[in-house]
Number of protein chains: 2
Amino acid sequence: MTLYKAPLDDQRFALFDVLGAETALTKLQGGDGHTRDLLDAVLEEAGRLSEQVLAPTNAPGDEEGCHYDKANRTVTTPKGFKEAFKQFAEGGWAGLTMAEEFGGQALPSVLGVATTELFQSGNLSWSLYPLLSEGACHALELHGTEDQKHIYLKPIVAGQWTGTMCLTEPQAGSDLGLLKTRAEPGANGSYKITGTKIFISAGDHDLAENIIHLVLARLPDAPAGSRGISMFIVPKFKVNGAGSVGERNNVYAGAIEHKMGIRGSATCVMNFDEAEGFLIGQPHKGLAAMFTMMNAARLSVGVQGLALAERAWQNSLNYARERLQSRSLSGAKFPDKPADNLLVQPDVRRMLLTQRAFVEGSRMLLLYAALQTDIEARGADEAQRQKASELLAFLIPIAKGLVTELAQECTKEALQVYGGHGFIVENGVEQFVRDARIITLYEGTTGIQAADLLGRKILQLKGVGLQHFLGEVGAFCKQHATDEALKPYIGPLGALAKEWGELTMKLAQRIQSNPEELGAAATDYLYYSGYITLAYFWARAVAALGQSTQQQAFKQAKRDAAAFYFARLLPRTHMHKAAIEAGIDTLPAIA
Amino acid sequence: MTLYKAPLDDQRFALFDVLGAETALTKLQGGDGHTRDLLDAVLEEAGRLSEQVLAPTNAPGDEEGCHYDKANRTVTTPKGFKEAFKQFAEGGWAGLTMAEEFGGQALPSVLGVATTELFQSGNLSWSLYPLLSEGACHALELHGTEDQKHIYLKPIVAGQWTGTMCLTEPQAGSDLGLLKTRAEPGANGSYKITGTKIFISAGDHDLAENIIHLVLARLPDAPAGSRGISMFIVPKFKVNGAGSVGERNNVYAGAIEHKMGIRGSATCVMNFDEAEGFLIGQPHKGLAAMFTMMNAARLSVGVQGLALAERAWQNSLNYARERLQSRSLSGAKFPDKPADNLLVQPDVRRMLLTQRAFVEGSRMLLLYAALQTDIEARGADEAQRQKASELLAFLIPIAKGLVTELAQECTKEALQVYGGHGFIVENGVEQFVRDARIITLYEGTTGIQAADLLGRKILQLKGVGLQHFLGEVGAFCKQHATDEALKPYIGPLGALAKEWGELTMKLAQRIQSNPEELGAAATDYLYYSGYITLAYFWARAVAALGQSTQQQAFKQAKRDAAAFYFARLLPRTHMHKAAIEAGIDTLPAIA
């Protein structure tokens with residue numbers, strides 16, 4: 001069994017000391033009450049729910065998995081999931097960031113992201129059920145009619161119903177333009193939806209009384225490709241006038257997938273057979289509507305990387321502390337014990353500090369991005385909202401792409417600390433490795449994130465987000481130019497920021513003369529950008545220590561992790577730069 | 001289901017074109033008949049066995065796993081394992097490299113390594129049963145009395161019995177000095193062995209009629225620590241005078257582990273309760289005796305990395321070729337199909353070439369190391385044997401440490417090429433990721449390999465192996481200084497070889513003043529050394545193309561992979577150098 005303790009201290013440090021979230025949030029429209037005290041109290045409560053209710057279901061849920069009843073075409077979730085969801089709903093968590101008019105609490109998105117981290121650490125598989133609902137809520141709120149919001153959104157916000165996003169089909173994954181599901185006009189303005197969707201998280205389950213599927217499909221007159229896709233609301237049970245659950249709709253789970261990890265999450269094949277659906281948003285604009293939810297969804301998956309890495313890291317640290325094996329290279333450190341613990345080994349500390357530097361660095365990045373979503377939505381003026389929106393768009397592929405990839409490395413290192421014991425299921429750490437393996441795949445693979453960063457955010461949008469970000473980095477370096485504590489960091493950070501800008505310019509020119517150069521550079525450019533981004537946040541962490549009220553041991557650990565990051569991890573930018581510069585000639589055709 | 005085709009062309013290229021194995025082997029003592037024709041024929045046969053018999057059992061064996069019968073304390077292997085082992089035994093594979101006097105075929109070790117790769121690709125879990133036998137054979141051959149060889153070695157060589165290595169105990173993993181299993185004098189020169197061993201691969205199974213355990217234990221008068229360990233032969237069934245299997249000995253599997261991967265391999269808890277055993281080798285010299293087998297065992301685990309990565313890479317290449325999704329960045333390449341295949345994406349080619357460069361580079365390194373074991377054993381003169389022995393000792397931690405770590409990356413990238421489909425068990429690629437996760441742990445973790453490389457092979461042995469290797473690299477660079485095809489490679493390789501020597505000198509000095517610096521640098525030094533080592537072999541591959549009779553497409557793919565390796569992977573040395581130079585100050589104590 002694995003332990004889990006909600007990292008509230010580090011969340012507070014990142015939110016309040018590094019990012020100044022209280023000042024920022026209380027200045028926003030409707031942000032008067034969003035004080036540190038309130039946020040703190042919510043985090044405490046979320047931490048308790050995760051530690052006490054979710055975390056204990058994680059390993060048993062993986063062991064048991066979901067069950068598919070072929071006769072009734074229904075899915076049962078593992079023991080404890082239903083009870084946990086009930087507590088979650090009763091605590092009002094399903095509507096934490098949703099508008100008050102639909103029953104939500106209208107709390108800041110950055111708080112939603114912070115609590116989501118805690119829930120995902122507790123049990124990633126379980127957390128996917130509310131996460132998909134959150135996506136559906138955003139879609140309904142942004143694109144639904146007043147009636148649709150009233151009928152479908154409110155019960156999801158209340159945690160009575162859940163939602164799904166039905167995009168992927170067997171032949172249409174990264175390329176949704178290939179999807180075939182059809183929507184034909186039916187009675188009373190409804191549509192008959194027919195087709196097969198795969199990889200549908202929370203497609204069926206026993207946690208709630210109804211499931212609202214948001215389905216991408218083609219109208220009869222739809223043009224081919226991605227411009228002919230519309231979005232439909234397809235409820236599992238039809239909804240009566242009064243909002244009560246009525247007869248069964250013709251959408252059923254046809255199977256659940258047998259997966260490497262997140263086995264407590266029901267990943268369904270969904271068969272729509274003239275299922276009753278309702279158009280949401282404009283005809284043929286479904287993909288664009290889906291993309292309006294993408295920032296939130298991708299940010300959440302980035303947070304999954306943080307959540308898994310955090311829990312894996314806590315456990316590997318604990319194991320290294322408890323496990324007695326061999327002696328220190330410079331002589332016994334615990335001579336009264338049969339052996340020293342693993343912490344005396346510098347190489348074990350290297351593995352632990354790698355995890356810590358990535359985990360805590362990722363947390364700052366993700367919360368910073370989440371804060372931009374609040375500013376984008378409720379900033380005092382248009383200029384502020386616009387800038388936040390552009391910064392966010394730029395940071396999302398980094399937050400998703402980099403953090404999910406780092407989670408592979410972190411969970412791998414966590415397991416490595418355990419030695420052979422890490423490979424044993426009962427010790428629990430191998431589950432984090434298996435669970436983590438999905439997050440670089442869904443919500444857009446790392447390659448898709450990289451193409452989004454370089455192709456869309458840098459080239460199409462002319463690098464406006466990068467300019468904002470480099471502007472911030474520059475201002476920070478200037479502000480701390482003579483700060484003694486930051487001396488080891490400002491120089492390298494400033495130099496890399498300059499290099500980043502120059503490299504981007506040169507790369508953009510190369511891509512203009514050959515579009516294939518985009519694909520040759522994108523993933524390395526994502527990593528390169530990501531490592532510099534984390535360096536900026538680590539420098540900010542050091543800068544924030546002076547005013548922080550955290551304890552001395554906490555502060556020293558931060559300084560150690562920052563120094564480690566700059567000395568031993570940040571030099572990775574060099575190899576990615578070399579790969580970027582190597583270009584398309586190093587990637588010739590493969591027959 | 002996953003495909004597998006024995007990579008005989010690439011094995012032949014590495015063996016004969018790059019490494020000149022025929023010339024080298026036929027010059028060795030007893031090597032007259034070891035011609036290319038003979039080796040080719042053996043490889044063909046091994047490939048057939050792997051493709052047709054082993055490969056089909058791989059996924060079903062993982063799904064079914066081993067079964068432990070609590071009442072009888074026996075283990076059953078998955079369906080098909082027993083039949084495969086029978087064919088393996090009948091084909092004489094168990095004694096391929098063993099001496100003729102014990103029933104073996106006395107073929108070269110390098111051929112043993114090449115065939116082992118094929119078997120491990122076919123089914124890694126299954127291959128562990130013969131692999132452990134091979135280790136036991138080496139132990140018996142090197143340390144057993146004539147009687148012991150006659151009684152125990154011959155039936156293992158014949159594939160009638162199998163062997164195990166019983167080292168690890170719950171409190172004694174990397175630190176065998178902590179082991180507690182006791183050996184007390186019994187009747188007729190035997191010993192009564194009592195204790196619990198864990199993680200015993202092939203500890204019990206249904207493949208053979210008897211199992212010979214080689215067990216580390218302490219005699220009553222043993223000094224504490226690693227100098228008080230002796231080795232014992234403990235048969236599952238006692239052996240009668242005539243060599244027939246007699247009464248059951250008191251050693252039983254108490255449980256099998258529930259593991260992340262290699263689920264068809266029985267990983268047993270072995271309980272010895274006054275089991276009858278016989279001392280093998282000298283009292284208190286058991287650890288040293290075990291270490292004489294270590295090169296072979298570690299090389300084999302390195303080969304496991306190659307074997308898993310090879311099969312994963314074959315499948316990801318095939319998937320990228322078959323899967324139609326999206327269009328090329330420079331316009332449709334297959335306009336008559338609904339989408340282009342994944343191969344048109346440069347980023348997918350990057351993932352594929354990363355795998356190819358590591359797989360084929362690792363193969364050259366491993367076969368080169370294996371060739372040194374033949375020269376060490378049967379070289380024409382003492383100087384040649386000595387040099388091979390020193391080169392081998394130096395290369396083993398790189399071959400094991402680097403290749404098993406690269407296998408993590410390769411299998412991960414292979415899965416990534418599949419997108420979300422890679423996460424689905426039925427598609428098979430996720431098993432390679434899970435299976436691979438053990439190989440950086442057993443037979444010495446990567447940290448242990450790194451400490452062996454830097455602490456023992458560089459510092460204690462004064463870098464003699466590195467000097468031999470750098471001498472070879474230098475001679476190669478000189479020989480090809482004006483070779484046009486090698487122009488892009490000789491410069492960088494020569495420069496890195498020089499840097500490697502200098503860095504090693506500086507590092508050795510730093511460690512002399514603080515032994516903790518060893519632990520701070522070791523793993524990064526392993527990677528750094530490993531990437532340069534692979535660069536040397538990739539340069540040799542290019543040099544070998546001129547005389548090779550391989551087809552043009554094969555040669556072009558080699559050139560592409562070499563160019564890719566030098567441009568995009570070799571720059572990783574830079575970050576490892578930075579980490580090495582950062583030193584112990586970046587790894588402060590963790591409370």
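Convention: sequence-line order gives letters A, B, ...; per-chain numbering from 1. The structure presented is a predicted model; accordingly, all values stated were derived computationally and were not measured.
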Check this for me: B:Gln512, atom CD, are more than 12 non-hydrogen atoms of other residues, nucleotides or ligands nearer than 6.0 Å? no

Would you find more than 12 non-hydrogen atoms of other residues, nucleotides or ligands less than 6.0 Å from B:Lys333 atom NZ? yes

I'd like to know which of A:Ala320, A:Gly422, A:Ala582, A:Gly420 tops the heavy-atom pair count under 4.5 Å against chain B.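 Highest number of pairs under 4.5 Å: A:Gly420.
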
Contact winner vs chain B - A:Gly447, A:Gly173, A:Pro338, heavy-atom pairs under 4.5 Å: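 If we count pairs closer than 4.5 Å to chain B, A:Gly173 comes out on top.
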
[X], part contacting chain A, at a heavy-atom distance under 4.5 Å:
X: B:Glu63; result: side chain
X: B:Ile198; result: side chain
X: B:Ala522; result: neither

With chain B as the partner chain, list the residues of residues 584-591 of chain A whose heavy atoms fall under 4.5 Å from it, by residue number, and write 'none' if nothing qualifies.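 Those residues of residues 584-591 of chain A which have a heavy atom under 4.5 Å from chain B are A:Ile584, A:Thr586, A:Leu587, A:Pro588, A:Ala589, A:Ile590, A:Ala591.
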
Pull out the residues in residues 558-567 of chain A that come under 4.5 Å of chain B, heavy atom to heavy atom, sorted by number. A:Asp560, A:Phe564, A:Ala567

If you tally heavy-atom pairs under 4.5 Å against chain A, which of [options] wins?
options: B:Thr267, B:Leu415, B:Ile438, B:Leu353; value: B:Ile438
options: B:Leu518, B:Leu570, B:Val425, B:Asn514; value: B:Val425
options: B:Gln171, B:Gln345, B:Arg356, B:His574; value: B:His574
options: B:Ala172, B:Ala450, B:Gly583, B:Ala224; value: B:Ala172
options: B:Glu430, B:Gln408, B:Lys577, B:His576; value: B:Glu430
options: B:Glu516, B:Glu257, B:Met575; value: B:Glu516

Which portion of [X] sits near chain B, non-hydrogen atoms under 4.5 angstrom:
X: A:Leu569; result: neither
X: A:Glu405; result: side chain
X: A:Thr573; result: neither
X: A:Leu352; result: side chain
X: A:Val344; result: backbone
X: A:Asn427; result: neither

Under the side-chain contact (heavy atoms from CB on, under 4.5 Å) rule, what do B:Ile424 and A:Met260 come out as? Steps first, then yes or no, please. CA-CA 6 Å; B:Ile424 305 300; A:Met260 182 185 188; over 6 Å; no

Can you check whether B:Met351 reaches A:Thr523 side chain to side chain, under 4.5 Å on heavy atoms? no

Step-by-step side-chain contact (heavy atoms from CB on, under 4.5 Å) determination, B:Arg568 to A:Glu581: CA-CA 9 Å; B:Arg568 299 183 73 122; A:Glu581 291 174 339; over 6 Å; no

Okay, side chain of [X], backbone of [Y]: is any donor-acceptor separation there less than 3.5 Å?
X: A:Gln416; Y: B:Thr440; answer: yes
X: B:Gln325; Y: A:Asp175; answer: yes
X: B:Arg437; Y: A:Lys412; answer: yes

How far apart are the closest heavy atoms of A:Leu178 and B:Ala339, and which atoms are they?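 Closest heavy-atom pair between A:Leu178 and B:Ala339: CD1-CB, 3.9 Å.
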
Might you point out which heavy atoms bring A:Pro346 and B:Gly519 nearest each other, and give the distance in Å? CB-C, 3.5 Å

Verify side-chain contact (heavy atoms from CB on, under 4.5 Å) between B:His421 and A:Phe199, making sure each step is shown before the conclusion. CA-CA 9 Å; B:His421 296 271; A:Phe199 298 170; 3.6 Å; yes

Are A:Tyr418 and B:Leu441 close enough, and set up right, to give a side-chain contact (heavy atoms from CB on, under 4.5 Å), and what steps lead you there? CA-CA 9 Å; A:Tyr418 279 69; B:Leu441 304 169; over 6 Å; no

